[in-house]
Structure formats: structure tokens, C-alpha cells
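Accompanying notes for the structure given below.
Labels below follow one simple rule: chain letters A, B, ... track the order of the sequence lines, proteins then strands, and each chain is numbered from 1. All heavy atoms count here, side chains included; hydrogens, waters and symmetry mates do not.
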Amino acid sequence: MADAVIVFDNVYKSYRDVKAVAGVSFDVASSTCFGLLGRNGAGKSTIMRLIYRKAERDPEPRGTVSVFGFDPQVDELEVKCRSGVVPQDDNLDEELNVSQNLRVFARLYGIPARRAELRIAELLDFMELREKANASVRELSGGMKRRLVIARALLNEPRLLILDEPTTGLDPQVRHTIWDKLRQLKRNGLTIMLTTHYMEEAFQLCDDVLILENGKAVLRGNPKQLLSSHIEPYVLELTDVNLAPRTIERLPAGAARVEHSDESVRVYATDYEVLKTVADLLPPGDHHLRPSTLEDVFLKATGRRLDARQ
Amino acid sequence: MPASDLRPPVLAWRLYSVWHRHMRVYTRNLISNGLPPFLEPLIFLLGVGIGLGRYIQTMDNVPYIVFLATALPMTSAMFTASYECSFGTFVRLQFQKAYDGMIAAPVTVHDLFVGEILWAGSKGLFFSACVVLVMSFFGAIPMPLGLVAVPIGFLTGAMFGALALLVTSFVKNINHFNFYFTGFLSPMFFFSGTVFPLDSLPRALRPLAEILPLTHAVRLNRSIAMNRLSAVLLADGAFLIVVTLVAGYLAIRRLRRRIVV
């Protein structure tokens with residue numbers, strides 16, 4: 001792809017006996033948002049680290065990583081000066097206050113002092129942290145810390161923003177604020193790559209998602225297209241398993257697909273009326289008829305059971 | 001957002017920016033961080049002046065207070081650099097994850113730790129300068145030659161910073177630094193010609209003292225301060241530099257594996 005910002009080709013990364021990333025290939029187009037989905041241990045964070053040389057890929061089997069046309073293991077500085085990184089942990093300097101944290105990083109990016117001050121003021125406004133400019137990092141709430149880390153990653157006006165679980169552990173207000181900011185950045189031409197466990201987040205933000213399982217890519221595509229092509233549009237959820245036998249026997253043959261887990265059953269169907277008919281015959285409560293979501297696609301692709309890495 | 005010239009900073013800037021980060025954090029608590037380097041030599045002077053000094057007037061043909069005062073800037077540099085690059089580095093590495101954040105900016109692991117060694121040297125310089133200032137006020141340091149402790153304090157700080165980084169690269173539990181401090185640095189304080197001349201050591205032990213890094217820092221500083229120049233001093237200076245380079249090289253190689261995973 002001509003305007004791909006990130007290209008992974010057959011990349012492997014092992015930690016001792018564990019293949020964290022096992023032959024992954026994908027590309028991220030410029031000015032789009034690309035999401036990596038997968039359970040804990042599926043290889044999402046490792047892929048993020050490979051982008052800015054926080055990790056190094058296995059020399060064998062041979063694979064290549066290209067970011068802005070640079071191999072991070074050869075030209076790490078070229079990659080880093082064009083990128084902003086929001087790691088999973090808020091690794092802010094707790095010994096410094098909010099604006100000092102940004103100033104120290106502006107220095108690391110080589111931004112001249114006067115321009116740095118303007119940029120810091122701009123970013124504190126953008127991230128709605130202006131009142132906290134002189135607050136100690138310890139006083140900040142989780143949502144403020146996260147916004148500060150994002151502001152820090154934007155100091156150098158990057159072309160690529162990498163976010164590892166940007167909204168994990170945050171309340172809905174903060175999450176939606178962050179989503180709005182990311183949308184705004186994307187509209188201005190920024191390429192965004194993120195990992196998330198929230199399918200809603202991927203659905204809201206991503207133009208493209210890659211679902212990983214045991215270090216391998218299992219599904220790739222636009223979230224809305226995945227939803228229309230990889231899962232039945234409706235699902236009847238039964239949160240009381242005792243309702244399952246009579247529900248299933250009332251379904252016309254071949255009209256629905258049933259998924260069992262320990263304490264719930266989900267009945268997927270293309271025809272809304274089929275599900276509606278059986279749902280109406282059930283006692284109220286303990287069931288819910290809803291459109292399918294990306295989470296259903298995800299669970300279908302990766303399975304419902306926990307695996308050893310989780 | 002306006003497009004800007006996205007070019008990675010040059011090496012000197014990258015090292016400076018890492019150094020600057022440590023400087024900002026250090027100067028943020030100016031009183032608690034800036035007072036001890038002045039207080040320590042004062043307490044030492046008091047102890048020697050009202051206690052030890054009454055029993056020992058001269059050492060190695062100079063007033064005992066002068067003998068001590070020409071070693072003290074180096075031990076001060078040694079301790080501050082060692083703390084900075086052991087406990088300090090470990091906390092940044094393991095608890096604060098500060099390096100994980102910094103490494104996302106255009107700096108390499110090499111830049112991070114060379115910058116840190118330069119910072120350790122700067123703290124050594126500052127602490128030595130404080131000792132010289134206090135001691136010279138009481139006439140315990142020959143002037144102006146005693147000022148040589150300032151640059152030698154830098155070299156000593158950098159050397160002990162690099163050595164502490166090497167130790168840190170092996171340490172998985174922060175309590176293990178106690179072995180380094182009580183097992184290596186504290187004995188070195190006594191057996192490096194700091195409080196008594198190496199000549200008074202048993203002949204068999206003298207080569208051992210020559211292995212101790214502090215020995216070379218103290219001899220270099222004391223000899224120049226007292227204008228006793230000799231060729232040995234070149235070897236002492238070279239020792240400081242070579243140990244810094246070798247320990248720094250090995251430390252960075254090992255620490256790299258803790259950061260780039």
C-alpha cells in the first residue's frame with residue numbers, strides 16, 4: 001500500500017518458549033484508526049512495542065517492520081520523532097507537576113523552549129487540563145493522568161499516535177471525552193493505532209481492526225463490515241440456562257445458532273421475528289433480545305473459554 | 001495542527017535532555033536535596049574538631065584536618081553518585097517506569113544511561129564543590145589548588161555512577177543494594193587512603209587497596225591539592241576514566257535487556 005504508515009510482514013516475537021507474536025502481517029493506512037483486539041496475552045502490546053523498538057522482533061523466521069518507511073530496529077529515532085506513545089501504564093514523573101512533566105518531554109523531543117510553552121498551553125487546553133497546569137501528578141484522578149499522558153504523546157505533533165488500552169479503567173465520561181479527542185485528531189490527519197478490550201471503543205473509533213489469538217491474526221476488517229458479514233444481526237441472550245431447552249426446541253430448524261457458556265446461552269439469528277416469537281413466550285426477565293455487536297464477533301472468533309495466557 | 005520539522009535531536013541534545021530531566025527532579029526539592037551536601041562536611045569538621053582532632057594532630061606530615069579534607073570531597077561524590085544510580089535508578093526502572101516513558105521519545109537506551117552517568121558526575125561535582133567550599137572556609141583545604149576537587153569530583157561521580165548502574169543491572173530486589181553499600185562502599189571509605197595513608201596498611205594488603213576505585217580518586221585529588229605532583233597521578237586519572245567507560249558499557253548492555261524486551 002502506497003500510503004501505509006505501518007507495515008508488518010511475517011513478524012515473530014518470542015519470550016522464551018512463548019510465541020507472543022507468531023507471523024503477523026498487516027498494514028495501517030495513513031490518517032486512519034487501526035485497532036488491535038485480542039485477549040490478554042494475545043500479543044497486542046508486544047506488537048505496539050515492536051513499533052517503537054520497546055521490543056525487538058525475532059531474527060528468525062525473518063520478518064520486517066516498517067514505520068514511515070523506517071525499520072525501528074535500524075532508525076529508532078526517526079520512528080520515535082514522528083510518533084507519540086501512550087503506554088498501558090501512566091508512567092508520568094510523579095516527582096514533577098503537570099506542566100513540568102510536559103516540559104521535560106518537550107526537551108526530550110528537542111522542541112525549543114518558547115515553542116514548547118505554546119504547545120504545552122495548547123495541549124493543556126485541548127485535553128481540558130488547564131486548571132491543573134501546576135498540580136502535582138499525585139493529585140490527579142485516573143482520567144486526568146490518562147489525558148496528561150495523551151497530551152505528552154502529542155507534544156511533538158506526531159504523525160502517528162500509538163495508544164495501548166487508552167481508556168481501560170476510566171469512567172464513561174472520560175472515555176467519551178477521549179474518544180472525541182481521538183476523532184478530532186484523526187480528522188486532522190493523524191494516524192492512530194490502538195489496542196483495546198472494549199469492543200465498543202473499537203467500533204466507535206476504528207476504521208480497521210485486527211483480531212489476534214495466540215499471537216496470530218484471526219480476523220481483519222472494518223468493524224461495521226465484520227459485523228454484517230461475520231455474525232447474525234440479532235441475538236437473544238438467556239441469563240438463566242434453565243430457559244434454554246424450551247427456547248431451543250421452539251426454534252425452527254436451521255434458523256438460529258446457539259452458543260453456551262456456564263451461566264448463559266446466546267441464540268443468534270438473521271431473522272429478528274424468529275427470535276422475537278420465542279422470546280415472547282418466555283417469562284419476563286432473564287432474557288434480552290438485542291442487535292449483535294462487535295463483542296459477539298470477537299467472542300465468535302476467539303472463543304468464550306479462558307486460555308492459559310489469560 | 002501545523003506540520004513541523006520532525007527530525008530527531010542530535011546526540012548532545014539527547015544526552016542533555018536526559019540530564020535535564022534528572023536536574024529538574026533534583027532541584028524540585030531544593031532544600032531537602034541541597035542542604036545535606038553542606039551539612040555533611042560541617043558535621044564531619046565538628047566531629048574531628050572536637051573529638052578525633054585532639055588525639056591526632058598530623059597524618060602523613062600534614063595537619064590531620066587537611067588530610068581528611070582533601071579526601072572528603074571524593075567520598076561525598078562517591079556516595080551521592082552511588083545512591084543516585086542504585087536506589088534512584090532502580091526506582092525509576094522498576095517502580096516509576098520512568099524509562100519506559102522516556103524511551104518513547106526520540107532517545108535510545110544508550111542515551112538514557114550515558115545521560116544518567118553524566119548526571120551522576122554532575123552530582124559528584126556539586127557535592128565535591130560544597131565540601132570544598134565549607135572546608136576552605138575553615139582553612140582546611142589549600143587554595144586555589146584545592147579547587148581541583150571540583151572536576152575530579154565529576155570524574156569520581158561518573159565512575160561511581162557507572163559502577164552503581166552495573167550493580168543495578170544485576171539487582172532484582174531493591175534490598176540487595178545493602179550488600180553493595182555495606183559490603184563494598186563502606187569498607188572502601190576506610191581503606192582507600194581516606195582516613196589514614198595507604199603506607200600504614202600491611203604490605204600484603206596494599207595491592208588490594210590499589211584495586212579500590214576510591215583510592216585513585218583520593219590520591220589524585222589530595223596530591224594535586226597539596227602540590228605533590230608525580231607520574232602516578234596520570235595512572236590514577238586514567239583509572240577513573242577507564243573504569244567509567246568499562247562499567248558504563250557493560251551496565252548499558254545489561255540494562256538494555258531490562259528495558260527493550
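Within a 6.0 Å sphere centred on CZ of B:Arg253, other residues, nucleotides and ligands contribute 12 heavy atoms or fewer. Heavy atoms from other residues, nucleotides or ligands lying under 6.0 Å from CZ of B:Phe137 number 12 at most. In B:Ile31, the CD1 atom is not crowded: 12 or fewer heavy atoms of neighbouring residues, nucleotides or ligands sit closer than 6.0 Å. Atom OH of B:Tyr249 sits in a sparse spot, with 12 or fewer heavy atoms from other residues, nucleotides or ligands closer than 6.0 Å. More than 12 heavy atoms of other residues, nucleotides or ligands sit less than 6.0 Å from atom NZ of A:Lys186.
Close approach to chain B, defined as a heavy atom under 4.5 Å from one of its heavy atoms, is seen in A:Tyr52, A:Arg53, A:Lys54, A:Ala55, A:Glu56 of residues 50-58 of chain A, taken by number.
Atom CZ of B:Phe95 and atom CD of A:Glu94 lie 13.0 Å apart (nearest 0.5 Å). Annotation: the span from A:Asn101 atom CG to B:Arg21 atom CZ amounts to 9.0 Å, rounded to 0.5 Å.
With a 4.5 angstrom heavy-atom cutoff, A:Phe105 touches chain B only via side-chain atoms. With a 4.5 Å cut-off on non-hydrogen atoms, B:Arg256 touches chain A through its side chain but not through its backbone. For B:Arg28, the part lying under 4.5 angstrom from a heavy atom of chain A is the side chain only. In this structure, the portion of B:Tyr16 lying under 4.5 Å from any heavy atom of chain A is its side chain and not its backbone. The contact between B:Val18 and chain A is made by backbone and side chain atoms together, counting heavy-atom distances below 4.5 Å. Only the side chain of A:Arg49 comes within contact range of chain B, judged by heavy atoms closer than 4.5 Å. Residue A:Glu76 touches chain B through its side chain alone, counting heavy-atom pairs closer than 4.5 Å.
Side-chain contact between A:Tyr109 and B:Pro106: present, with at least one pair of heavy atoms (C-beta onward) separated by less than 4.5 Å. In this structure the side chain of A:Asp93 never reaches within 4.5 angstrom of the side chain of B:Arg24, judged on heavy atoms. Considering only heavy atoms from C-beta on, A:Asn91 stays 4.5 Å or farther from B:Tyr99 through its side chain. With contacts defined as side-chain heavy-atom distances shorter than 4.5 Å, the pair A:Glu78/B:Pro8 qualifies. A:Leu92 places none of its side-chain heavy atoms less than 4.5 Å from the side chain of B:Gln96.
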Does the pair A:Leu108 and B:Met102 meet the rule for a side-chain contact (heavy atoms from CB on, under 4.5 Å), with working shown? CA-CA 8 Å; A:Leu108 289 169; B:Met102 292 166 84; 4.1 Å; yes
List the steps and the verdict of salt bridge (charged side-chain N to carboxylate O under 4.0 Å, His left out) for A:Asp90 and B:Lys97. CA-CA 9 Å; A:Asp90 297 326; B:Lys97 307 273 177 204; over 6 Å; no
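Ranking A:Val85, A:Val149, A:Leu77 against chain B, the residue ahead of the rest is A:Leu77, based on heavy-atom pairs under 4.5 Å.
The two atoms that bring A:Gly110 and B:Trp13 nearest to each other are CA-NE1, 3.2 Å, heavy atoms only. In this structure, B:Ile103 and A:Lys80 approach most closely via the heavy-atom pair O-NZ, 2.8 Å.
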